[in-house]
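By convention in this document, chain letters (A, B, ...) are assigned in the order of the sequence lines, proteins followed by strands, and residues within each chain are numbered from 1.
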Number of protein chains: 2
Amino acid sequence: MAEENRFEHIANRLRRGILRGDLAPGSPIKERDNAAEMGVSRTPMREAIRQLANEGLVVLRPSRSPIVADPSWKEISDCMDLVRALELLSGELACAKATDEEIDQIAAIQARMEAESDSIDEIDLFEIDMEFHVAIVRASHNIPLAETHRSLLSRLWRARFLGSRAGRNQDRVFAQHQAILAALRARDAAAFQAELRNHLSILKQQIRQFYQEVEEETA
Amino acid sequence: MAEENRFEHIANRLRRGILRGDLAPGSPIKERDNAAEMGVSRTPMREAIRQLANEGLVVLRPSRSPIVADPSWKEISDCMDLVRALELLSGELACAKATDEEIDQIAAIQARMEAESDSIDEIDLFEIDMEFHVAIVRASHNIPLAETHRSLLSRLWRARFLGSRAGRNQDRVFAQHQAILAALRARDAAAFQAELRNHLSILKQQIRQFYQEVEEETA
DNA sequence: GTGCAAAATTTGGTATACCAAAATCTGTTG
DNA sequence: CAACAGATTTTGGTATACCAAATTTTGCAC
């Protein structure tokens, strides 16, 4: 994956920690302590924290330690609405501009997902799911769109992961992906968007359910 | 406006320079030289450059000076498609959720724009135009959406400014803004989106024209 | 025990110095 | 004159030290 600067390395490490839940939402990330702990100076740690901050994974507070973001359901929901809008646009563009090779690649991702679904790690499987969506957006041939989408997805990663784990409906997800793929193959933007809407609305529903359960437990 | 850190100050200054065209697209921004020139150390200059980089205004190259971004027409066009998608979503949400006060505020912005149109600076007028669009997005009550939109707008600022200057059709813009506003007042999402599409397509057309003229001159 | 003021700590921000990699310049050699 | 190897410069990255603002703790007085 190319060269990895120290601060990128730290950022990745922190990101993983946050997304896997090792660093609890709301817990502080002290610049100095954390840097010392990982054996680096403040400088790269600073950059890493900034990076995660503008990915939305940590929040900076004036004169206070940065803390791991703890998004409300509203925030998650807002992000998902945004992701939906971006993927709908991607669908329109991809149906018009994607090359046949790109569509084959997307299909290959889905095939891989189905093939490995019961032999691999929960997290790895989920990563493939994300890849599927990312590949579709990339097929739009709109780079700023792809970048924006990627950044939002990483912000939603944890919520989507927890939701999908709670959901336990792999087969239905596969069917939805296949339907989306078929629409793309047919270059039928309207069908694509309909299927995508359906897929994402189910996903969102799942996550909402998960958040409600957590709230009930907390209350 | 809050407090302004040194690096924010530098970032703003550089941004203005880029957007106004004082720093030509493609010209290098040397960390050290630039820092010395502005009487600060490398540290805040670094942060400022990073900031502008992830706003898309400068591009970082490995082992080379960062340079002022020089977006192609394709890139501008892609960003505008993205902005359009975001504003269309905002319209849908704003029609459903904006408060009457917010709508009044948007109307006030437009009124101010019309009132001051021939007494103020070209750039200031343009700033008000941007404010109008930002206010609509804010009325969606979707913060991630607003942030994403803001970041993209700043990236497009220069292109839109140059396009609008070339266009010289203030009255038509006013009419379009009023139409959008009326749809919002009526909470008619479909009408809102139709008017917005129209407005943005004209804007884009203008910018395209401008880019073509520049290309012809260069060729 | 309570309230408040002063001291100590924590924090972000900045300056400066150093290093290694990369790019560029330079001088020599064929 | 061309090509190539070595030296120099430029660049980004990192470590470290210092400062001021803000927070937190401490301790004294009532």
What's the spacing between A:Glu92 CD and B:Asp81 CG if we round to 0.5 Å?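 The distance works out to 8.5 Å.
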Would you give the length of the straight line joining atom NE2 of A:His9 to atom CZ of A:Arg6, rounded to the nearest 0.5 angstrom? 10.0 Å
Can you check whether [X] has a side-chain N or O nearer than 4.0 Å to OP1 or OP2 of [N]?
| X | N | answer |
| --- | --- | --- |
| B:Arg42 | C:dT16 | no |
| A:Arg50 | C:dG13 | yes |
| B:Thr43 | C:dT14 | no |

To the nearest Å, how far apart are [X] [atom1] and [N] [atom2]?
| X | N | atom1 | atom2 | value |
| --- | --- | --- | --- | --- |
| B:Met45 | C:dT16 | CE | C1' | 16 Å |
| A:Ile29 | C:dT10 | CD1 | C1' | 17 Å |
| B:Ile10 | C:dG13 | CD1 | C1' | 11 Å |
| B:Glu31 | C:dT16 | CD | P | 15 Å |
| B:Arg46 | C:dG13 | CZ | P | 15 Å |
| A:Glu47 | D:dA15 | CD | P | 12 Å |
| B:Arg64 | C:dA21 | CZ | C1' | 13 Å |
| A:Arg61 | C:dG12 | CZ | C1' | 13 Å |

Students often mix this up, so state it plainly: with edges at 30° and 60°, are the rings of B:His177 and B:Phe132 parallel, tilted or perpendicular?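 It falls in the parallel class, under 30°.
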A:Arg61 (side chain) donor-acceptor with A:Ser65 (main chain) under 3.5 angstrom: yes
5'-most contact on DNA chain D: B:Lys30 or A:Ser41, nearest heavy atom basis?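 Counting from the 5' end, the first nearest nucleotide belongs to B:Lys30.
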Assess whether atom CZ of B:Arg138 is packed by more than 12 heavy atoms of other residues, nucleotides or ligands within 6.0 Å.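 Atom CZ in B:Arg138 is not crowded, with 12 or fewer foreign heavy atoms closer than 6.0 Å.
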Which of these nucleotides, D:dG12, C:dA15, D:dC18, is closest to any side-chain atom of A:Arg32? D:dC18
Which of the following nucleotides, D:dA15, D:dT11, C:dT14, is nearest to the side chain of B:Pro44?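 Closest of the options to the side chain of B:Pro44: C:dT14.
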Using a 4.0 Å heavy-atom cut-off across all strands, classify B:Pro66 as base, sugar-phosphate, or nothing. sugar-phosphate
